[in-house]
Each structure stands twice: as C-alpha cells, then as structure tokens.
Amino acid sequence: MSALLEVKGLEKHFDGIRALGPVEFHANAGEIVGIIGPNGSGKTTFFNVTTGFMKPTAGRVFWKGEDITAVAAHRRARLGLIRTFQEKMVFSGTPVRENMRLALIQHGIRDLGDAAILRALSYVGLPERTIDQQAGDLSWGQCRLLGMALALVLQPQLLLLDEPFAGLNRIAAAQVTDMLQRMKSDGIGAIIVEHEMSLLLPLCDRVVVFASGQILAEGSSEDILKRPDVRAAYFGADVVAED
Amino acid sequence: MILFLQHALNGISLGAVYALIAVGITLVYGLSRIIHFAVGELVMLGAYVAWETWRLTGSHTVGLAAAAAVLAVIGMITERGIFRFTLREPLTGFIVSLGLIMILQGIGIEIWSADPRRADPPLAGSWDVSGLIFRKQVAINIGVSLLVLLAAYAVLMKTRYGKAVRAVADDPSAAALMGVPVRFIIMTTFIVGAALAGVGGWVVLTNGSISPFVGEAYLLRGFAVALIGGLGNVQGAAVAGVGMGVAESLAAGYGSPGWNDAYVFGIVILILLWRPTGLGRGSSGAHL
Amino acid sequence: MDWLARIKVSPLTPYAGVALLAVLAYFFPYTSPSNKTLSLATSVVVYSIAASGLGLLWGQSGQLTLAHAAVFGLGAYAAALTGKFFSLGFVAALPVSIGTGLLAGAIIALPSLRTTGHYFVILTFAIGEVLAVVQMRLDWLTGGANGTTTPVGTQSAFGYALGQSKDFYSLVVLFAAIVLMLVCYIMRSRWGIILRSIRENADLATSLGVNIKLHRLLVFSASGAIAGLAGQLFAYQVKYIAPTLFTSQTSILLLLVVLLGGKSYLLGPVVGALVYFFLPYAFDLTPIQSQIAFGAVLVIMILLAPSGLLGSIWRALHRTRAPKAGAKV
C-alpha cells in the first residue's frame, strides 16, 4: 500500500542557496508524524513546498500515489491535504461565525446555520459565546483553536500543523493537546512541526529530525531522544538536562 | 549620428532628475516599505522654492540650497506628523501620500496660480561641439545631479550613518538589536528623500518652466526608474534613471512625443508583469 | 442603546433600507431643488454607483486599484462613441458600456494573478495612466484632448427624457438602487464570505481551498461592470467627456469617496459621495480649496477612522454593549 503523502527528492533553493533537501518523506493515513529541528532547518519551507505554497526547485510530491507536484495549493487543500499557519491563523477582521462559514462553504455544505458551527467549535474546545466575537479579538490560544477548527471542518485526511503550541500558555496548550488526541482517535493523520518537545513527543507515532534542510534522523520518540547526533544538532545541553 | 547623440545627451540631463527622485523613492521604500506617491509634488514644491528664492536673491545657488533645505524640513514634518503613524501598515502610508498629493498640489495652485513660471537660466548659451549643441545649463544640471548622487552614495557606503541605513534596510529587527535607532534612521530617509526631490525641483526649474502640475510627470517616471532599479536599490535607481531619460529622449526624438507617457508606463507594466517585484534586487524593507 | 440590541434584523432589512432610501432619493426633485442642487445630487448618485464598484473590490476583497477611474472612463467612452459612430441609443449602449467595463476589469485583474500588494497598486496606476494617454492620442476615435460629446439629444429611455435633468436624475436613482441591491446581495452571499476571506488572509483562504486567482478575476470583472455602467450614466449626465476626467486623480477621488463613507459598508460609497459633493457646496469652497480640504480629510480618515464615517457611527452606537457581529457585512 502506498503512503498517503510521499515526497521524493524534494529540494528548495532561494537565490541559489539550498534551504531544503533533498528530502525523502512519507506519511501514512491516520499517522501522526512529528517534525523537529532547529530554526532555519527547513521545516516551514518543507510545509510550504509540500502544500503547494512554494514551487519546489526539484523533486516530486505524491498524494495517494498520484503526482501532485504541479497541483495548485488550493486544489491540494480540496484533496484533503490541509495546513495551518504559525501566525496568520484566522480571518481576524470578521466574526468567528463568518470564519467558520467560509470553511463550511469550502467543504460544500449548504446549511450555514449556527448548529454546524457550534459543533465544530465545541470539537476544538472553543466556548459557544465566541461565535459572535471578531476573530481578531480572540486570545492567541483561541485563535489557534479556531484555526484548527477551520481546517477540521474540511475533514482533512492529513493535517499539517505549523507549531501548534507556539506562544500558548499551559492551559491553552492542554486544550490543543486534548484536541489533537481527539483528532488522532478519529483517525485524522497529521504532520506537526513543533519546538515544544514535551508536548509533541507523546502524540507522535514517528518523529523526523530536520537539520540544515535535510532529514538527520527518523524513528520513534524514544529512539530519537537517545541519538547523540540529534542531541548535538538540536537539543543542546540545557534541554537534555531538563529531560 | 549627431542627432542620436543630441537626443542621448538631452536624455542624460532628464535622467539625472529621474535618478534624484528615484533614489529618494527607493530609500524611503527600502526602509519604511511606504510607496511615497507625493514625491512628484515634492519636486514641484522644490521647484517653486528655488524660483521664489531666485526671484528674491537673484541667485540660483541660494535657490538650490533653499530648495534642498526647505524640502528637507517638509520631509521631516510629514514623517513626524503623519508617516511615522503608518509604519505598521505601509498601504496606509501610501494612501496618506495620495492625500498629500491633493493637499500639496492644491496649495501650489493657491499660492502660485496654475500659470507656468520660469527663471532665467543660471548659465545661458551653449557649446557647439562639431554640430552637437550642448546647452551650458544642461552641463550644470547634469553636474549638480551627479554630485548630489555621488555624495548620497558616498554617505550611504562610507559613513557610519550609511551603514546604519543599510542595516535597517536589510533587517530592521537585527539592526535594532545592535543598537541602531531604527525609527530615527527611517525618519532621516524621509528627509533625505525630500531633499533629493528638492534638488530635482531646482533642476526642473533651471531646465524650463514649472507649474503646480509638474509633479505628476515626475512621479510616474521616478517610480518607473525606482522599479527598474529594484525598489530599495540605490545604485540601480541611479543607473536606471539615466537609462530612462535617454530612452525617453530617443523615443521622443524618433517616435511621437505625445506617446511618451504611454511608453514610460508601458515599460513599468511590462517590468511588473515580467518580474513581479521589479528588476534588480530590492531590499526586504523594515517591518515594524 | 438597548433598543438597538432588541431590533430583530431580518435578512430582507438591508434591501428594504436600500428601497426606502431609493424612494426618498427618487422623490427629491419634487422638493423643487435648484438646478445646481439637482446636478450635484445627480453627481452624488452617479459617483455612488462608480464607488460601489470600488467598494466591492477594495472593501470586500481587499484589493486596492488606481485604475478604477480609467474603467469608469472606458464605460463613458463606450457609451459616447457607440452613440456617435453607430447611433446606439442609451438602452442599446448599456450592454456595451457594462461589457467594456467588465472586460477592462478582467484584464486589469490578470496581472494581479502574478503580482500583489504595492507592486500591483503601482501597476494599476500605470495601466490607468496608459489608458488616459490612449484616450488623449487616438484623436480620430476619441476626439483627443478636446474630448467628445454624448449624443443625448431628445432620447428617452424607460420613459425618462434623458436630456431633462429631473427625469435623468430619477433614472439614475433607479440604476443606483439596482446596483446597491446587487452589491448587497453579493456581500451577504457565499461569494461575499469568500471575498472577505481573501481580504483578511489570502494564504489561509488558499489553505482552505479557495481559488483566490479565480475570485480576484471575478470580483474585478464585477467591479469593472459597475464602473462601466456608472461611466455611461456619467457620459449622459455631463454630455461631454475628455481624457482629463478619468486620470488617476479621479481614481484617488473615488478612493476618497469609498474611504470617507466606510469601505466595507454597503452605503459607504453613498455617504462618501454625499459628503464629497455637498460639503464644498455647503461651505462655499472653491475647487482648489476643496481639493486641499479633502486631501486633508483623506489623510485624517485613513489614520484616525479607517472604517469611515459609517464605521465610526456604528462604533459610537455600540460602545455601550458587547460588539455585535454580522451587521457589518
């Protein structure tokens, strides 16, 4: 059986400098893959190229065995390959209701009534009263949850999450963890780029370590933590000491 | 051949003005990301300041100095009073500059009326180099523009201040971390940009006649040049300015002068279609 | 302001509001206004239509353009020239001017598929200026700088005598009512939600499967069609058009009208046009004085009240209670 998402020889150059690749990568249906690596190791570029927001310099991207390298970003989303953003998470100038309505429209749902919206909000753990608020007035953590709700309404088969825990306090982070676990038990696969190891590793079936635009290591959470080259490239003395 | 050289020569003097304006545009954009559309009106004001000073003192040298100085002050006032509030949202700054066009042009008409004005050229007569007519005034204009451009370039490349400007253009947050007063440096680019436009205005005055509507033509050409050079790229702007002047002069000489504006804008459109972020490598600009 | 909260907003309320406004405006000539006032009122309505097109584009989809006046001008020329050369009457010219605007809007949108933000705004400026030069230079067609006249004559359309200022005003109000209802429908439709999502966050919209290029093309076309219609009405109103009427200065003016009223509000362009035309009249300003004043207004509005007069009023009314969403569409 072929993987849900498969990436072969993927490379991205900026002004002749290689920022990513060559990368070989795959994600299976329902699997949660964590991507870790220091800043500038090419994780976000990997997301951008995989989801069609940037054209790769070389390499191919396959979705369910079909070559989607030339497929536009919005079409990949419709195929079920959906990403979130680290900072631009919501449509901040419009109410939460309208944010969600867009997602419903994009999923081809005719009824844009509040019932479906409230269901999605409660799935990610947003209180009902937020439906009337401007998305830009929500707290950072609530924005993150709303951003995930937008993506989840489209029933993705694979969700690419760009640092879902960044900038969150403990409570908000716990909410995101809850939501991710719910997703996992519902069989939605995800690729998660994250710095927050303690939050990420328990969620992952598999961890991939990026360094200087390439995959340095791959394995289960426990295996990865033990590898000395990974420690050297990424964790640093202080983080290791903490563990 | 003589005719060709003649056109080319006229073009260089035109281009010098474009280069002056474009360097100002590009400096302001490079650091603040603001597209300052009122720059044509700054040229117009510079020309009138030079004209008034010349009327009062009879001196073009004083006129040049006054144009640069008064415009520098105007640059500072507009930055302190308006543009600094728009640094977070550069498109707001752009719309502000549209409002400034209306205000400054209106003030120009109120003060100086819509009638064209002219000054006696500082240097009359021309040289005849084997059939090539070279107005002495043009030589002065090219000389002054070149000097000012070189001075600006030297400041930018050789001084501590220039280093700070380049640092802010490259990466404002990193510059701020290294102790560069980012906001202050951005303000100075508005001052320098306006002063360069003032010098441009002086050249426009000594080259012919001026009216409150003179700004528009220079606005579009200034931007065309800044785009060709790559927004945020000073050397590019200077070279492209001269190139644009020569090309325009040749097009006018051999083609139909009435279509000049269309040529210039056609170039802009083609460039933006071909390379959506302009030619040359522009800076990423400050994000405040 | 508790009473505000208690009003139940039916989906039909905005349409009823537009209809009421249109009825009031329609019967304005019966108050026997002076010729000057009536001509100003006609200008208000014509510019409201043109600015509504820009409001749809800028206020809803977030795309600023400085070529809107050029499209407006193309509509005007389309109406005047087809009348002059092919003796097309007002009604027959309507599809031509609307179609011209639609096509021009689509063509201007094409570069936006490649370049966005600042560069695109400069591009629209350049396109607008090129069109002005073309209008100026194609003497044989457009009459060049001297302009061309609209053959209004004794024509009448839908029972209104076009040469008669009261009749013409009434006709223009009807067109405005139709356009406003159409824009209202778009704003409240699924398409409106998609357009605003592009305005707010184009990348996020893309990640949710929105084809932003397609929708940009569509909204530019819709906005162009509205501008084309307004152009024809303008040509029939002033009866004489010249290239100088459609330069980037007019684009800035339209931008001011939209911003002044409130760019994301249905009635923003109407309020903006009212202020723009009647304020100088009320204060007896010369054209130059009003140019300076409105330049200042533009600067002040964008800095202090970017949501326009309607946005400021809305906020003032709702200061006492929790922000209510949905009213601003």
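Chain letters run A, B, ... following the sequence lines, proteins first and then strands; every chain starts at 1. In what follows, every heavy atom counts, from backbone to side chain, and hydrogens, waters and symmetry copies are set aside. Note that the structure is predicted; figures quoted are calculated from it, not measured.
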Please say whether more than 12 non-hydrogen atoms of neighbouring residues, nucleotides or ligands are located less than 6.0 Å from CG in C:L304. yes
Looking only at heavy atoms, which of residues 107-119 of chain A get nearer than 4.5 Å to chain C? A:I109, A:R110, A:D111, A:L112
Suppose a student defines contact as a heavy atom less than 4.5 Å from any heavy atom of chain C. Which residues in residues 63-80 of chain A would they list? A:A73, A:H74, A:A77, A:R78
Can you establish whether the number of heavy atoms outside A:F14 located under 6.0 Å from its atom CZ is more than 12? yes
Euclidean distance, A:N99 CG relative to C:R196 CZ, rounded to 0.5 Å: 11.0 Å
Which pairs of donor and acceptor atoms, one on a side chain in residues 212-219 of chain C, lie under 3.5 Å apart (sequence neighbours left out)?
unit_1	atom_1	unit_2	atom_2	d
C:H215	ND1	C:W191	NE1	3.0
C:R216	NE	C:Q63	OE1	2.9

Could you tell me which portion of A:L154 (side chain, backbone, both or neither) has an atom closer than 4.5 angstrom to a non-hydrogen atom of chain C? side chain
To the nearest 0.5 angstrom, please state how far the CD1 atom of C:I193 sits from the CZ atom of A:R97. 10.5 Å
Does C:R199 reach the side chain of A:T94, with side-chain heavy atoms less than 4.5 Å apart? yes
Heavy atoms of C:S207 and A:R83 approach each other most closely as OG-O, 3.7 Å
Is any side-chain heavy atom of A:V153 less than 4.5 Å from a side-chain heavy atom of C:L208? no
Under 4.5 Å, heavy atom to heavy atom, which residues of residues 85-92 of chain A contact chain C? A:F85, A:K88, A:M89, A:V90, A:F91, A:S92
